[in-house]
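Have a look at the structure below, then the notes.
Predicted model, so just to flag it, every value in this text is computed and none were measured.
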Amino acid sequence: MEFNQVSFNYPAHAPVLHRISARIPSGKIISIIGPNGSGKSTILKLLAGILKPTSGEVLLNHRSVTDYSHKQLATQIAIVAQQNVIYDDMNVIDVIKTGRLAYHKLLDVISDEEVVKYLKQAHLTKLAKRSITSLSGGQQQRVWLASALAQQPDYLLLDEPTTYLDIHYQSELMAILNQLHRDSDMTIVLILHDVNQAFRLSDELWLIKDGQLVANDRPANCYDRQLLSSVFNTNIQIIEVPEYGRYIAEIPDSKF
């Protein structure tokens with residue numbers, strides 16, 4: 001996929017994104033990081049075809065994303081949102097089956113066997129018959145991930161998947177994504193608030209500020225105190241931590 005001079009603004013609002021050009025390398029994990037309101041979620045929605053650029057193009061296989069039908073896109077791109085609406089008290093396995101709709105006719109019956117693989121991938125086998133509303137936030141997030149995987153996408157997009165999760169579930173989700181990456185050629189693009197998570201997980205980082213792509217490079221090349229301080233508008237320090245490596249920390253200029 002590729003951004004070609006993409007700009008975007010909502011009607012009667014100032015521009016959100018400004019002439020972004022960048023390629024998403026196939027088969028890699030790309031994390032988008034930056035301060036709140038910088039345009040990260042807008043980028044993900046443009047990649048998924050939910051939004052259309054005000055100018056420029058988002059290209060998938062050298063073809064504009066806007067030229068694909070919703071069903072065509074659903075077989076190539078899946079997105080896991082921050083929050084998901086549950087319209088019925090559905091069982092886990094039935095929620096995951098919704099990810100197969102792009103491959104079926106309207107009145108087809110989707111069998112349990114068709115989604116067993118995705119239950120296993122998201123570590124949900126024992127919860128298959130549970131109501132999704134009875135699950136914890138971390139478990140629900142894995143259900144939405146499994147439903148996205150059931151689309152068999154080439155590109156998996158995740159919008160701040162760890163925001164509402166405690167440390168345990170954050171680590172579990174990152175481990176699942178790592179395993180998926182090792183086991184397949186799927187390209188994973190995600191927005192993360194935890195900068196250190198992004199640096200450790202990703203093959204490439206996109207640093208966004210004020211709707212502009214400030215840098216896109218390998219994490220090893222982004223351990224730059226001046227760059228990170230500028231992007232996040234705060235005093236960043238890079239610390240060497242035994243048995244961990246480089247750790248990015250905010251050092252407040254004054255006590256609260």
Side-chain angles (χ1 to χ4, degrees), residues 1-26 28-87 95-104 106 118 140-141 143-164 173 177 180 186-193 206 208 210-213 216:
M1 293 191 77
E2 185 178 356
F3 268 42
N4 181 16
Q5 294 291 303
V6 171
S7 297
F8 180 83
N9 65 277
Y10 294 96
H13 286 76
V16 178
L17 298 178
H18 308 271
R19 300 176 65 85
I20 291 180
S21 291
R23 188 180 68 86
I24 296 175
S26 180
K28 304 294 185 181
I29 298 179
I30 298 94
S31 289
I32 304 173
I33 60 175
N36 291 341
S38 58
K40 302 186 299 297
S41 292
T42 300
I43 288 174
L44 223 60
K45 290 174 182 176
L46 287 163
L47 287 172
I50 297 169
L51 297 176
K52 296 181 179 181
T54 305
S55 62
E57 286 186 307
V58 180
L59 301 174
L60 173 62
N61 299 325
H62 309 291
R63 178 182 167 192
S64 175
V65 167
T66 58
D67 291 341
Y68 290 83
S69 70
H70 290 303
K71 197 162 187 174
Q72 288 173 327
L73 275 182
T75 63
Q76 298 192 59
I77 301 170
I79 184 167
V80 180
Q82 287 185 55
Q83 295 178 317
N84 297 272
V85 177
I86 303 171
Y87 294 103
V95 174
I96 296 170
K97 286 178 184 178
T98 63
R100 299 297 301 161
L101 293 176
Y103 298 93
H104 288 268
L106 183 61
Y118 312 108
Q140 287 188 12
Q141 191 72 324
V143 175
W144 300 119
L145 172 61
S147 180
L149 294 175
Q151 293 178 223
Q152 294 182 294
D154 295 322
Y155 296 87
L156 176 64
L157 315 178
L158 302 102
D159 191 353
E160 299 183 12
T162 61
T163 296
Y164 301 107
L173 184 60
L177 292 177
L180 282 171
M186 189 182 298
T187 304
I188 300 174
V189 183
L190 68 164
I191 297 170
L192 287 173
H193 266 310
W206 285 22
I208 307 294
D210 297 331
Q212 296 183 326
L213 181 60
N216 60 306

Can you tell me if Q76 and N61 form a side-chain donor-acceptor pair at under 3.5 Å? yes

Are V58 and L47 side-chain neighbours, meaning at least one heavy-atom pair lies under 4.5 Å? yes

Identify the heavy atoms of L213 and S21 that sit nearest to each other, and give their distance. CD2-O, 4.0 Å

Between S38 and I208, the two heavy atoms sitting closest are O-CG2, 3.3 Å

Can you confirm whether I30 sits close enough to W206 that some side-chain heavy atom of one is under 4.5 Å from a side-chain heavy atom of the other? yes

Taken to the nearest 0.5 Å, the spacing of L177 CG from L156 CG works out to 7.0 Å

Quick one: does I43's side chain get under 4.5 Å of I191's, heavy atoms only? no

Could you tell me which non-hydrogen atom of G49 sits nearest to which non-hydrogen atom of L73, and how far apart they are? CA-CD1, 4.2 Å

With heavy-atom distances below 4.5 Å as the criterion, would you say the side chains of Q151 and L101 are in contact? no

Do L46 and L17 touch side chain to side chain, with heavy atoms closer than 4.5 Å? yes

Answer with yes or no whether the side chains of T98 and S147 bring together a donor and an acceptor at under 3.5 Å. yes

Could you walk me through whether L59 and F3 pass the side-chain contact (heavy atoms from CB on, under 4.5 Å) check? CA-CA 6 Å; L59 301 174; F3 268 42; over 6 Å; no

Please give me the minimum heavy-atom distance between M1 and Y155, naming the atom from each residue. N-OH, 3.0 Å

Could you state the interatomic distance from OG (S7) to CD1 (I20), rounded to the nearest 0.5 Å? 8.0 Å

Taking the six-membered ring of Y68 as reference, does the NZ or CZ atom of R63 fall below 6.0 Å from its centre and within a 45° cone about the axis? yes

Q141 side chain vs P161 backbone, donor-acceptor pair below 3.5 Å: yes

Tell me the closest heavy-atom pair linking K71 and H104, and the distance in Å. NZ-O, 3.0 Å

Validation row: L157, I77 side chains within 4.5 angstrom (heavy atoms): yes

Any non-hydrogen side-chain atom of E2 less than 4.5 Å from a side-chain atom of I24? no

Nearest-0.5 Å distance, CG of residue N216 to CZ of residue R23: 10.0 Å

Tightest non-hydrogen contact, residues Q5 and R19, listed as OE1-NH2, 2.6 Å

Taking the side chain as every heavy atom from C-beta outward, state whether V16 and T54 have any atom pair closer than 4.5 Å. no

